[in-house]
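The structure appears right after this line, and notes come after that.
Residue numbers begin at 1 in each chain, while the letters A, B, ... track the order of the sequences.
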Number of protein chains: 2
Amino acid sequence: MADPDDQELLAYVEDVAGLFARDGLPLITGRIIGWLMVCDPPEQSAQQIGQAIQASKASLSTNMRVLTESGFVRTITRPGDRVTYYRIDDDAWLQITRRRLAALSGFRDVTAKGLRLLGEDSPRARRVRDAHEMFSWLDRELTPLWDRWAEMRHKEKEP
Amino acid sequence: MADPDDQELLAYVEDVAGLFARDGLPLITGRIIGWLMVCDPPEQSAQQIGQAIQASKASLSTNMRVLTESGFVRTITRPGDRVTYYRIDDDAWLQITRRRLAALSGFRDVTAKGLRLLGEDSPRARRVRDAHEMFSWLDRELTPLWDRWAEMRHKEKEP
DNA sequence: CATCCAGTTCATTCTTGACTGAACTATATG
DNA sequence: CATATAGTTCAGTCAAGAATGAACTGGATG
C-alpha cells in the first residue's frame, strides 16, 4: 500500500485513460493525466512520463503542449536546467468537470437558435422549446452549484 | 418563419449534429436527432429522414436501431403498413443530459479505486483524494438537482 | 568551439470505425 | 402467386487522426 507495484499502478493509469477515451480523447492523453495523478514525485519530466506509459518523445511533446495550454498540467522549470517538469494542476479535475458542464451551454445556444428559426410559439417548435427550457434551467442551476462547492471548500479549510 | 426554407433547416440540423460530434458521436446520428427535432410532421419514415439528411438506407437502419434502443427515439407502427415511423422522444434531451451528468459517477469510482491503491491517507494520494472529494460531492448534488427539475415541471403543469 | 541532449516539427504509417452498395428477408397488394 | 418495396445485414471502401521515427533547433557544458 505504501508502495504499490508498477503493474497495479499502470493498470490504474489505464483505468483513468479509459475515462477520457470514452469522450473521444486519445488514450495517451488520458494516460499522462493518470500517471501524473499517482506518480512519485508529483513532478515528472517528459522522459520519465514517456518511460512510464510507453509513449514516444513526439507524442509526449504534442500532448504535454495540449495539456498545459488547457490548464490541466503545470510546468516547472529551473534555471540552468533544460528539463521541463510537469505536475497535474490542483484543480485539474475541477476544471475538467466544470468545462463538461459548461458545454451544456452549447446545447442551450443551439436550442435558442432553433426557436428563432421555427418561431418561438409555433406548434412546430414545441420539441425545441421543451429542450430549451430544460437547458436554460440547468444553466441557471450551475452557477449556484459551483458557488456551493466554493463555500464548502472554504469551510473545510477554516473550521 | 412559419415555414423556414430547407436550406436554413438543414444548416440547423448540422448545428445539432455538431454538438454530438464533439462527443465523438457519428455525424449521421446527430443529423437524425436534429432533423427529428424540427421536421414536420414530427413522425417520419426512414426514407423521409434519409432524403432529408442525405444518408443511405443502411446507415438509417443502423442508426435508428441505436437511437430507439437508447430511448431517444420512439417508433410508431400502424397495422397494414410496413413502414415504421420515428419520432423524437419528449424526454430525449433530458435523458441525454442526465446520462452525461451520471457519467461523472464513473470518475468518482475511479478515484475511489485510486484511494484504495495508494492508501486513503497517504501523502502520495493527495491528488486523487482531492479529486475524489469533488466527485463525491457532485454526485450527492445531482439527485436533489433533478428533484428540483421534476418539481418545477410539475408546478408548470398545475399552476 | 564541439558535443550532448531536451524538446519540436513533420512526413509517414497504421488503426479505427463511419458509411455505403448490394444481396437478402419479409410483408403488403393486385 | 407475382410484384413491389421496407428494412436488415455484411463485406468492402474510405477518411480521420493517433502515434511514431527521424530530422531539426537551441540551450547547457567542458
Sugar-phosphate atoms are those with a prime plus P, OP1 and OP2; base atoms are the rest. Using that split, label each nucleotide of nucleotides 18-30 of chain D B, S or - for protein heavy atoms under 4.0 Å, 5' to 3'.
SSBB----BBSS-
Under 3.5 Å between N/O atoms: give me all the protein pairs with nucleotides 11-13 of chain C, atom names plus distance.
none

Any sub-3.5 Å donor-acceptor pair from B/Ser136's side-chain atoms to B/Glu133's backbone N or O?
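No: the side chain of B/Ser136 does not pair with the backbone of B/Glu133.
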Can you tell me how far [atom2] of [N] sits from [atom1] of [X], to the nearest Å?
| X | N | atom1 | atom2 | value |
| --- | --- | --- | --- | --- |
| A/Arg65 | C/dT9 | CZ | P | 6 Å |
| B/Met64 | D/dT9 | CE | P | 15 Å |
| B/Gln48 | D/dT5 | CD | C1' | 15 Å |
| A/Gln47 | C/dC4 | CD | P | 16 Å |
| B/Gln44 | D/dG7 | CD | P | 13 Å |

Does anything in residues 14-37 of chain A form a ring-ring contact (aromatic ring centres under 6.0 Å, His included)? List the pairs, not counting sequence neighbours.
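Of all non-adjacent pairs touching residues 14-37 of chain A, those that pass ring-ring contact (aromatic ring centres under 6.0 Å, His included) are A/Phe20-A/Trp93.
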Sequence neighbours excluded, which residues qualify as side chain to side chain donor-acceptor pair (under 3.5 Å) partners of B/Glu43?
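Listed in chain order: nothing, the list is empty.
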Among residues 9-20 of chain A, which ones have heavy-atom contacts with DNA chain D below 4.0 Å?
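Heavy-atom cutoff 4.0 Å gives no residues at all.
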Would you list the pairs meeting salt bridge (charged side-chain N to carboxylate O under 4.0 Å, His left out) in which at least one residue belongs to residues 44-65 of chain B, sequence neighbours left out?
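Qualifying pairs: none.
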What contact category does A/Ser45 fall into here, base, sugar-phosphate, or nothing, at under 4.0 angstrom with non-hydrogen atoms?
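If one applies the 4.0 Å heavy-atom cut-off, A/Ser45 turns out to touch nothing in the nucleic acid.
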